[in-house]
Protein chains: 2
Amino acid sequence: MYAEERQQEILGRARAAGRVDVVKLAEEFAVTTETIRRDLTVLERAGVLRRVHGGAIPVERLGFEPALAARDEVMTEEKERIAKAALAELPEDGAIVIDAGSTTGRLARALPGDRELTVIVNAPPLATMLATRANLTVIMLGGRVRGRTLATVDDWALRPLEDLHVDVAFMGTNGCSVGKGLTTPDPAEAAIKRAMIGAAERSVVLADHTKFSGVYLARFAALTEIDMIVTDSGLDPAVAADIAAAGPEVVRA
Amino acid sequence: MYAEERQQEILGRARAAGRVDVVKLAEEFAVTTETIRRDLTVLERAGVLRRVHGGAIPVERLGFEPALAARDEVMTEEKERIAKAALAELPEDGAIVIDAGSTTGRLARALPGDRELTVIVNAPPLATMLATRANLTVIMLGGRVRGRTLATVDDWALRPLEDLHVDVAFMGTNGCSVGKGLTTPDPAEAAIKRAMIGAAERSVVLADHTKFSGVYLARFAALTEIDMIVTDSGLDPAVAADIAAAGPEVVRA
DNA sequence: CGTGATCTTGCACTTTCTTGCAAACAACCA
DNA sequence: TGGTTGTTTGCAAGAAAGTGCAAGATCACG
């Protein structure tokens with residue numbers, strides 16, 4: 001196993017568990033704690049982890065102080081499958097929007113290396129990850145960066161979207177219901193999402209099945225505006241049928 | 001078998017398996033490891049693979065950029081001291097701009113946690129790092145993200161700056177000379193830097209002493225526009241005096 | 001304020017990488 | 001055909017990276 005692979009895996013575990021432990025990692029990878037510490041240093045320098053005494057935590061859950069061992073990323077298996085399935089909707093070339101979010105983040109990571117694409121994002125971590133890819137042109141939407149979601153919002157993010165037209169928007173969501181459509185807790189984020197969908201020829205929503213049981217404050221799209229919803233096999237087929245009846249094609253990966 | 005064919009085959013295997021091993025490839029293609037290494041170098045230059053110690057990994061498999069961390073491994077001591085010294089120029093509260101760059105990145109990392117500040121950045125990694133801090137409001141400038149420097153450029157980054165006024169701009173630079181002022185290789189980045197300085201009440205440049213021996217394509221500021229230059233003790237005092245005579249206060253940390 | 005755990009740092013060892021050079025090979029052009 | 005030119009490959013020596021070990025510093029927590 002290469003050092004980079006180990007680091008990748010460590011990052012994944014940190015995001016999944018909300019925190020990793022030096023000694024445990026050393027045991028599981030069968031290396032010494034020094035090696036793990038060096039890995040954590042690399043990851044911290046890359047800006048994706050923050051080291052703490054005994055281990056490290058991913059930057060995106062730094063805002064909340066001390067270790068509520070709350071799992072940050074759940075349903076990783078399903079999200080991976082959803083992202084893979086959504087890749088089928090990628091245009092051969094052209095432009096896409098990728099919304100901020102953990103599932104859409106996996107989609108971004110899985111973008112092929114051999115297709116010339118222009119990618120519009122509003123999440124600084126996504127921009128960092130994608131910008132070094134030789135086959136991609138990355139455009140970052142500006143604006144105030146929300147600490148919670150690490151996504152840009154507000155006026156400066158909205159305005160460029162008015163002048164953009166992309167082939168496909170890959171969107172995340174917090175809630176998805178037949179009656180209320182797609183919802184999210186933050187009105188500012190809802191505004192961005194709405195603008196993203198407005199700028200796109202087709203809109204594809206990536207949502208694991210847990211997202212279909214909640215409704216949040218701000219609606220950013222009705223189901224009729226969405227062309228496809230990619231979810232996992234855990235979604236009740238009856239609900240899937242209801243949604244499909246309301247407009248979007250439903251793919252259960 | 002031609003080199004080109006072999007490289008395509010290597011790329012195919014890397015994408016299929018997620019990784020390739022130098023020694024194994026050498027055996028299977030019946031060539032020496034040097035040849036394989038040269039192939040991997042070609043593929044890396046094409047932007048489709050990332051070489052790692054012992055082999056290579058396709059870029060789409062990598063979720064973060066390890067190369068980024070490696071970039072600021074030179075002059076770390078000096079950069080750290082420069083960043084610390086520049087902190088003295090922070091306003092009590094108010095707004096600042098932090099330019100993209102490794103030295104300014106260290107400044108960002110060292111920002112105090114007890115001061116209410118609005119921070120304007122054009123580098124996604126900086127935005128990610130700072131956004132989770134409770135005492136900071138982070139505003140990201142949008143635009144196309146350059147892969148080389150991970151900084152946003154072009155029109156959408158420039159326009160918001162016209163409507164902004166900040167107290168201090170902390171700038172990086174590639175070259176700094178008495179005759180030619182502050183220069184950088186990329187005209188698009190020069191435009192952003194120029195706009196940043198224009199939006200700021202005071203401009204502070206962070207530059208280690210190696211920056212004073214080069215001049216690059218595009219000038220983004222004359223020395224008279226700069227209020228202070230923070231550098232390290234490795235700078236020739238005579239040069240420092242020349243610079244100071246041209247306008248900015250020179251601090252040798 | 002002490003104690004055990006955790007962290008840093010320097011060093012050594014092994015594996016891997018780079019680089020200069022020469023041989024092998026293909027291509028090109030009288 | 002034969003000579004020239006440029007590319008590819010292999011070899012060998014020196015450089016660098018990754019890892020583990022050990023000693024000392026630092027931290028968290030009772």
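Numbered from 1 within each chain, the chains take letters A, B, ... in sequence-line order.
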Whole angstrom value for the distance that separates [atom2] of [N] from [atom1] of [X]:
X       : N      : atom1 : atom2 : answer
B:Gln7  : D:dT8  : CD    : C1'   : 11 Å
A:Arg6  : D:dA17 : CZ    : C1'   : 12 Å
B:Leu40 : D:dT9  : CG    : P     : 13 Å
A:Asp21 : C:dT6  : CG    : C1'   : 10 Å
B:Tyr2  : D:dT9  : OH    : P     : 12 Å
B:Leu25 : D:dT9  : CG    : P     : 14 Å
A:Ile36 : C:dC7  : CD1   : P     : 12 Å
A:Asp39 : C:dT6  : CG    : C1'   : 17 Å

Scan nucleotides 10-16 of chain D against the protein and return all N/O pairs shorter than 3.5 Å with their distances rounded to 0.1 Å.
residue, atom, partner, partner atom, Å
D:dG10, OP2, B:Thr32, N, 3.0
D:dG10, OP2, B:Thr32, OG1, 3.0
D:dG10, OP2, B:Thr35, OG1, 2.5
D:dG10, N7, B:Arg38, NH2, 2.8
D:dA12, N6, B:Glu34, OE2, 2.9

Closest non-hydrogen atom pair, A:Arg19 against A:Gly54: NH2-C, 3.6 Å
Could you pull out all residues at least two apart from A:Thr33 that satisfy side chain to side chain donor-acceptor pair (under 3.5 Å)? A:Arg37
For side-chain hydrogen bond (donor to acceptor under 3.5 Å, both in side chains), just list the numbers for A:Arg51 and A:Thr41, CA-CA rounded to whole Å, side-chain angles, deciding distance to a tenth of an Å, and then say yes or no. CA-CA 7 Å; A:Arg51 297 196 56 182; A:Thr41 303; 3.2 Å; yes
Non-hydrogen side-chain atoms of B:Phe220 and B:Asp99 separated by less than 4.5 Å: no
Derivation and outcome, side-chain hydrogen bond (donor to acceptor under 3.5 Å, both in side chains), residues B:Thr184 and B:Lys193: CA-CA 9 Å; B:Thr184 187; B:Lys193 287 172 186 281; 5.2 Å; no
CD of A:Glu77: more than 12 outside heavy atoms within 6.0 angstrom? no
Would you mind telling me which residue lines up with the more 5' stretch of DNA chain C, B:Arg51 or A:Arg37, judged by nearest nucleotide? A:Arg37
Give one of base, sugar-phosphate or nothing for B:Val52, where a contact means two heavy atoms less than 4.0 Å apart. sugar-phosphate
